Amino acid sequence: MSTELPPQYDPKVVEEKWYDLWAKTPLFHARPEPGKKPFSIVIPPPNVTGILHMGHALNNTIQDILIRIRRMQGEEALWMPGTDHAGIATQNVVERKIAKEGFKRHDLGREEFLKRVWQWKEEHGSTIIHQLKRIGATCDWKRERFTMDEGYSKAVVEAFVRLYEKGLIYRGDYIINWCPRCQTALADEEAPHHELDGKLYYIKYPLKKCQVPSVKCQEKHKKSADDSGEYVVVATTRPETMLGDTAVAVNPTDKRYKEFVGRTIVLPLMEREIKIIADPLIDKKFGTGAVKVTPAHDPNDYQMGKSHGLEFINIMHPDGVLNANAGDYAGMDRFEAREAIIEDLKERRLLEKIEEHKHAVGHCYRCHTIVEPYLSKQWFVKMKPLSKPALAAVKKGEIKFTPKRWTKVYLNWMEDIKDWCISRQIWWGHRLPVYYCQNCRKQAEMCQVSSVKCQEKDKKLGTCKVKLETGVIVSRTKPDKCPVCGSTALEQDPDVLDTWFSSWLWPFATFGWPFEEQKPEEKKRELDYFYPTDVLVTAPEIIFFWVARMIMAGFEFMGGKPFSDVYIHGTVRDEEGKKMSKSLGNSIDPLEIIGQYGADALRFSLIAIAASGSDIYLSQERFQQGRNFANKIWNASRFILMNVGDGVTGEGIDTRSLKVQDAWILSALNDAVKKITRSINDFKFNEAVNGAYEFFWHKFCDWYVEIAKHSIEDKNTQEVLLHVLKRSLLLLSPFMPFITDEIFSRLPAIGALPGKPGKRIETIAVCGWPQPEKQFENKSAIATMELVFACVFALRNRRAELNLLPQVPLRVRLSAGEKKIKVADAASGLIKALAGASDLEVTAEQGIVPDALSTLIEKDVHLHLFLEGLVDFEKEKARLDKQAADLARQLSSKQSMLANKEFVKKAPAAVVEKEKSRIVELKAAIERFKEVRSAFR
RNA sequence: GGGCGGUUAGUUCAGUUGGUUAGAACGCUUGAUUUACAUUCAAGAGGUCAGAGGUUCAAGUCCUCUACCGCCCACCA
């Protein structure tokens with residue numbers, strides 16, 4: 001057999017070999033297998049622009065662990081891979097690229113620009129897929145999908161058309177979040193609010209002279225500084241929007257302004273006459289209680305504009321530069337205009353004051369530009385009807401969140417769901433399947449586009465003949481002519497759909513839904529078999545973007561949930577708690593870690609750190625632990641492979657000639673198998689990986705392998721070594737697939753595994769998951785070994801304290817009570833060997849031993865170390881006194897516990913008994929200390 | 001403004017349904033070496049479990065409040 005393992009594990013060569021093999025093997029291709037239980041996960045498709053970061057590494061390692069263990073457990077495990085076209089993000093990347101050549105996208109034109117994006121996608125789009133392979137992801141690579149695939153795009157169109165036909169998609173003018181840099185509308189979720197240190201400007205709005213002057217009126221109203229007349233002070237954080245003001249509003253119950261309502265203000269700078277209106281939306285306590293109303297640039301103001309029939313004046317171009325409606329400020333950028341306006345107001349003595357003011361402002365989630373609330377015509381999905389089954393499913397527990405606390409986050413959002421703006425004014429994405437008949441729309445133009453006011457008015461009067469849908473054709477395929485008037489002058493809507501409008505279909509569209517392809521039956525069978533998927537693994541940031549919407553889409557289009565479990569893992573942060581991101585420059589590159597320590601080390605450390613669902617703080621050093629562990633696995637295996645003889649398979653243990661240590665490690669292995677399996681099922685990955693680590697290193701290597709060295713020639717010892725090694729590798733393989741596969745492939749007779757008789761095994765990933773083996777359950781072996789450990793531990797401790805080198809032989813006596821004598825006997829040989837005792841005598845005698853250091857090992861078992869005059873007695877006395885005092889303290893606490901009648905009455909009998917026997921032990925121990933101490937003269 | 005999470009050893013974190021003496025990793029101190037592995041082995045030091053109150057026979061664990069840190073959501077201009 002090949003035992004040519006180098007003394008240090010070198011991940012580079014090994015990883016290259018295996019990830020290549022895994023990428024090509026058909027073994028990870030899952031198909032409907034009648035009689036086999038399906039298990040499926042769809043990958044959160046990374047953006048095509050994506051470069052693997054720690055978040056991806058964690059996310060995909062978790063999925064890979066789940067897939068690997070289920071596959072090993074004999075389920076038909078499918079991990080569906082793919083990438084997301086990431087509309088805005090990708091468009092931005094390509095725009096930046098062509099900017100270097102001196103172009104803007106409009107210079108190239110839509111078609112040419114899209115050609116460039118596709119070209120970019122072909123060149124760079126699979127970077128992240130390669131990187132996933134490098135961390136060992138065993139996806140079903142044959143099935144890789146892309147959200148702009150031809151088939152997938154059909155699914156997107158299908159979803160749009162179905163919703164439109166159900167009346168769940170509509171178009172209209174609303175205030176949406178507008179990113180002036182990306183120049184597109186954004187959904188609410190795409191414009192997260194961040195708190196900024198802003199300013200609150202108090203501006204005087206002069207009233208037009210009282211038409212009907214009254215004494216009362218004049219008395220009440222303040223005079224401005226220059227005494228030129230009455231005014232109202234409004235407070236705003238965005239003074240530039242005043243150019244579009246069409247009213248000032250106060251609360252109807254506000255006594256301060258009672259007299260003002262209905263009066264006219266002359267809007268400064270624009271010199272436009274606007275009314276003072278009363279609206280309950282206004283908070284009397286904020287600012288001055290009077291608010292400027294800009295219906296085209298603020299959601300609240302928009303509401304008021306609607307209800308009060310105000311004019312909507314858009315003062316801004318899509319790029320944030322003020323337009324002709326802004327008068328003298330036209331051509332200025334919005335923030336530039338803010339400064340200019342403030343200067344002008346100051347000059348006119350219309351600026352009362354400026355206050356520091358913290359407020360939350362929406363930012364574009366792609367480019368972090370401050371978004372502008374902007375009035376425009378967009379497409380929306382009505383979400384309320386979709387949310388109903390999605391709410392019910394989670395409430396009923398049909399879909400479970402882990403950790404549980406995210407359930408509430410989901411429910412809160414879902415209960416308060418707002419309509420979803422899905423149109424984007426960019427080019428990269430799925431174009432809306434909406435066509436406009438130029439002919440039909442000609443007449444509609446006037447009414448629909450020219451002014452909102454017209455629409456509103458006509459609607460009220462019921463005179464508007466033009467329905468919103470006039471000239472709008474929504475169709476799965478491009479129509480030849482208008483179904484109403486027959487005109488061929490059709491134009492497709494230039495907008496594309498929100499990226500998330502395609503990804504919300506991911507759990508079923510990846511299977512070919514809605515099945516218009518070549519072999520629909522076969523595809524459909526696959527969907528029937530694998531849908532609903534089992535677990536969705538993701539980060540909390542995208543619960544709203546993606547998870548919630550997938551649930552809604554699942555019920556809407558498939559009539560059932562898309563997955564049963566949602567596992568939310570933590571966000572990867574740096575040592576200071578900041579989210580790791582490229583823009584912050586604080587990211588640790590997983591590929592660098594792979595280069596430095598290996599992919600297994602990366603996976604191991606990430607999982608070991610990641611407690612269920614809490615955020616993960618990373619630093620470089622954490623990965624050393626993983627590397628060290630890999631090296632330990634390597635060397636333990638190397639040692640075993642060097643020592644097992646021909647014909648040893650690991651499956652030929654002679655149970656009749658098991659030594660106590662053999663029985664112990666086999667029983668401990670069973671415990672490890674149970675524990676690790678349970679932990680993974682409970683999504684406690686850190687617990688699972690730490691359990692595997694603890695078992696392999698600190699039980700198997702530190703104790704069993706060390707003991708086995710004493711009987712390494714023994715064939716049964718070799719069998720046990722190999723038996724445990726094999727199963728350990730299997731247990732470790734979901735976490736550290738590369739090294740385990742490499743070693744496994746070098747084991748002798750690996751075919752002789754339970755369930756795989758004689759079959760050549762291509763990878764450990766398709767072997768069976770270890771089961772507890774009942775014949776190896778052995779409590780008494782565990783008890784005996786625990787005694788061994790305690791004695792060896794005590795003697796090593798003594799050696800260190802007494803400065804006795806390992807070579808110095810120790811003379812030891814083990815005295816055990818009647819019940820323990822057998823165990824002590826069984827343990828004695830190992831204690832002797834492991835603690836370097838030259839002489840060990842086991843006795844039932846319980847008396848004190850003169851000139852010996854005695855230790856209570858467990859109840860009724862004492863260990864005596866003969867001192868032979870090597871000891872500093874004063875030091876020993878002090879030590880004994882300290883220990884005795886410790887015990888005395890414990891004893892008195894126990895005694896007062898038992899003296900408490902309530903405790904004896906109410907605590908379970910077992911607990912009380914335990915305490916009682918503990919008291920007996922403590923008393924005996926204290927007695928013993930006294931005796932030993934007195935033995936020191 | 002609402003909600004959620006955190007506060008345990010020098011550091012980063014575990015700690016199951018409340019039940020003996022609160023664990024690990026890293027770091028630190030001391031010691032080992034003709035070795036499977038120095039990416040090793042052995043031993044040690046180090047904790048009033050953020051603070052206060054409460055429930056209980058019993059609290060790191062349950063409840064209330066406070067402080068600090070972090071996150072998410074929200075149309076107070």
Side-chain angles (χ1 to χ4, degrees), chain A residues 5 7-9 175 192-193 200 234-238 241 249 281-283 285-288 290-294 298-303 357 359-360 373 403 405-406 408-409 412-413 416 540-541 543-544 571 573 575 577-579 597 601 605 608-609 611 613-619 621-622 624-643 682 684 686-687 690 693-694 698 701-702 705-706 709 792-793 796-801 803 805-807 886-887 889-890 893-894 897-898 900-908 910-912 914-915 917-918 921:
Chain A
L5 301 185
Q8 274 193 4
Y9 173 56
I175 297 271
H193 287 72
L200 189 58
V234 300
T236 179
T237 53
R238 295 187 296 151
T241 60
L281 229 56
I282 307 304
D283 179 355
K285 278 176 270 166
F286 189 87
T288 60
V291 181
K292 55 189 274 319
V293 180
T294 322
D298 183 277
N300 282 332
D301 297 4
Y302 174 80
Q303 283 298 324
H357 181 64
H359 62 141
R405 65 171 183 273
W406 297 108
K408 217 171 119 187
V409 175
N412 286 348
W413 183 81
D416 190 30
E541 294 94 279
I543 292 177
F544 306 143
T571 303
R573 299 176 189 282
E575 286 162 277
K578 293 203 188 78
K579 186 175 163 183
Y597 303 116
S605 295
I609 297 162
S614 54
D615 285 354
I616 296 151
Y617 299 82
L618 270 186
S619 65
E621 300 89 69
R622 314 233 45 155
Q624 282 170 14
Q625 196 196 348
R627 176 202 55 181
N628 294 356
F629 186 41
N631 196 55
K632 188 73 184 180
I633 297 170
W634 187 254
N635 275 292
S637 307
R638 183 165 164 252
F639 172 77
I640 293 167
L641 286 177
M642 270 163 40
N643 285 291
D682 294 345
K684 292 179 180 171
N686 62 325
E687 208 176 87
N690 287 328
Y693 174 89
E694 158 71 20
H698 297 307
C701 292
D702 285 355
V705 174
E706 287 310 311
K709 283 177 181 172
V792 171
F793 189 72
R796 281 177 181 168
N797 182 322
R798 285 295 124 81
R799 266 190 199 279
E801 276 175 0
N803 264 328
L805 290 181
Q807 301 88 317
D886 261 1
L887 293 174
R889 215 176 314 121
Q890 281 181 44
S893 117
K894 301 281 165 212
M897 226 170 140
L898 278 169
N900 183 337
K901 280 176 192 147
E902 291 297 306
F903 170 70
V904 180
K905 204 163 73 189
K906 290 183 185 168
V911 173
V912 177
K914 227 176 194 178
E915 295 303 328
S917 67
R918 180 73 188 148
E921 274 175 56

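By convention in this document, chain letters (A, B, ...) are assigned in the order of the sequence lines, proteins followed by strands, and residues within each chain are numbered from 1. Every heavy atom of this structure was used, including side-chain atoms; hydrogens, water molecules and symmetry mates were not. A quick note: this is a predicted structure, and the numbers were derived from the prediction, not measured.
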Say whether, by atom type as modelled, one donor and one acceptor occur between the side chain of A:N900 and the main chain of A:E902 under 3.5 angstrom. yes
Value in whole Å for how far the P atom of B:A14 lies from CD of A:Q625: 14 Å
Taking pairing as Watson-Crick or G-U wobble with both contacts under 3.5 Å, can you name the mate of B:G1, or confirm there isn't one? B:C73
Please round to the nearest 0.5 Å and tell me the distance separating atom NZ of A:K408 and atom CZ of A:R405. 12.0 Å
Between B:A77, B:G31, B:A43, which one does the side chain of A:V291 approach most closely? B:A77
Side chain of A:N635 (C-beta onward), nearest among B:A36, B:U39, B:A43: B:A36
Look through every strand shown and name the nucleotide pairing with B:A25 as Watson-Crick or G-U wobble, where both distances are under 3.5 Å. B:U11
Length of the CD-P vector between A:E541 and B:C4, whole Å: 20 Å
Nearest to the A:H193 side chain among B:C75, B:C76, B:C73, which nucleotide is it? B:C75
Whichever of A:A800 and A:L805 has its nearest RNA chain B nucleotide further upstream toward 5': A:L805
So, OP1 or OP2 of B:G23: does either fall under 4.0 Å of a side-chain N or O from A:H698? no
Report yes if a side-chain nitrogen or oxygen of A:K285 is closer than 4.0 Å to either non-bridging phosphate oxygen (OP1 or OP2) of B:C76; otherwise report no. no
Kindly point out which of B:A42, B:A36, B:A25 is positioned nearest to the side chain of A:D702? B:A42
What nucleotide among B:C75, B:C41, B:C4 has an atom nearest to a side-chain atom of A:K632? B:C41
Determine the contact category for A:N900: base if any of its heavy atoms lies under 4.0 Å from a base atom, sugar-phosphate if only primed atoms, P, OP1 or OP2 are that close, otherwise nothing. sugar-phosphate
Between A:N797 and B:G44, is there a contact of a side-chain N or O with OP1 or OP2 at under 4.0 Å? yes
Picking from B:A77, B:G31, B:A43, the nucleotide nearest the side-chain atoms of A:F793 would be B:A43
Would you indicate what A:Q8 reaches in the nucleic acid, counting non-hydrogen atoms under 4.0 angstrom: base, sugar-phosphate, or nothing? base
Spacing of the P atoms in B:U29 and B:C68 (rounded, Å): 37 Å
Distance-only donor-acceptor test (3.5 Å): side chain A:E706, base B:A36: yes
Under a 3.5 Å limit for both distances, which nucleotide forms a Watson-Crick or G-U wobble pair with B:C49, could you say? none
Pick the P atom in B:U16 and in B:G6, then give their distance to the nearest Å. 12 Å
Between A:F639 and A:K709, is there a cation-pi geometry (under 6.0 Å to ring centre, at most 45° from the normal)? yes
Students often get this wrong, so: under 4.0 angstrom with heavy atoms, is A:A360 touching a base, only sugar-phosphate, or nothing? base
Could you walk me through whether A:L898 and A:V912 satisfy the side chain to side chain contact (heavy atoms under 4.5 Å, CB included) test, starting with their C-alpha distance in whole Å, then the side-chain angles of each, then the deciding distance to 0.1 Å, before giving a yes or no? CA-CA 8 Å; A:L898 278 169; A:V912 177; 4.0 Å; yes
B:U55 -> Watson-Crick or G-U wobble partner, both distances under 3.5 Å, gives none
Between B:A36, B:G19, B:A43, which nucleotide has the shortest distance from any of its atoms to the side chain of A:A636? B:A36
Nearest-Å distance for atom pair CZ/C1', residues A:F544 and B:A74: 12 Å
Figure out the CZ/C1' separation between A:R622 and B:U11, and round it to whole Å. 9 Å
Let's see if you can work this out: which of B:A43, B:A36, B:U39 has an atom nearest to the side-chain heavy atoms of A:V705? B:A36
If the P atom of B:C4 is compared with that of B:U64, how far apart are they to the nearest Å? 11 Å
Scan A:I640 against the nucleic acid and name what it touches under 4.0 Å (heavy atoms): base, sugar-phosphate only, or nothing. nothing
Measuring from the side chain of A:V911 (C-beta onward, heavy atoms only), which nucleotide among B:A77, B:A43, B:G19 has the closest atom? B:G19
Could you give the distance separating B:G15 and B:G60 at their C1' atoms, to the nearest angstrom? 8 Å
Given that A:V904 and A:F629 both sit by RNA chain B, which one's nearest nucleotide is further toward the 5' end? A:F629
Take A:V291 and A:V234 through the side chain to side chain contact (heavy atoms under 4.5 Å, CB included) test and state the conclusion after the steps. CA-CA 5 Å; A:V291 181; A:V234 300; 5.9 Å; no
Euclidean distance for P, B:A45 against B:U7 (whole angstrom): 26 Å
Taking only side-chain N and O atoms of A:H357, does any of them lie within less than 4.0 angstrom of OP1 or OP2 on B:A77? yes
Tell me whether the rings of A:F544 and A:W413 are parallel (<30°), tilted (30 to 60°) or perpendicular (>60°). parallel
Nearest-angstrom distance, C1' atom, B:A25 to B:U39: 15 Å
N/O donor-acceptor pair under 3.5 Å between A:D298 side chain and A:T294 backbone: no
Is the shortest side-chain N/O distance from A:K709 to OP1 or OP2 of B:A36 below 4.0 Å? yes
For A:Q8, is there any backbone N or O sitting under 3.5 Å from a side-chain donor or acceptor partner on A:N635? no
At under 4.0 Å between heavy atoms, what does A:Y597 touch on the DNA or RNA strands: base, sugar-phosphate, or nothing? nothing
Could you check how far CZ of A:R405 sits from P of B:C71, rounded to whole Å? 15 Å
Output the rounded distance in Å from CZ (A:R796) to C1' (B:U30). 16 Å
Length of the CD-C1' vector between A:E915 and B:U21, whole Å: 11 Å
What is the distance, rounded to the nearest whole Å, between atom CG of A:D283 and atom C1' of B:G1? 11 Å
In whole Å, measure the gap between the C1' atoms of B:A52 and B:A59 for me. 15 Å
Which value, in whole Å, describes the distance between the C1' atoms of nucleotides B:U61 and B:U8? 12 Å
For B:G18, give the paired nucleotide (Watson-Crick: N1-N3 plus N6-O4 or O6-N4; G-U: N1-O2 and O6-N3; both under 3.5 Å), or none. none
Candidates B:C72, B:U39, B:G31 - which lies nearest the side chain of A:R627: B:U39
With heavy atoms under 4.0 Å as the rule, sort A:P192 into base, sugar-phosphate or nothing. nothing
Walk me through whether A:Y693 and A:H698 qualify under side chain to side chain contact (heavy atoms under 4.5 Å, CB included). CA-CA 8 Å; A:Y693 174 89; A:H698 297 307; 4.1 Å; yes
Going by purine N1 to pyrimidine N3 plus the second Watson-Crick contact, or the G-U wobble pair, all under 3.5 Å, which nucleotide sits opposite B:A32? B:U40
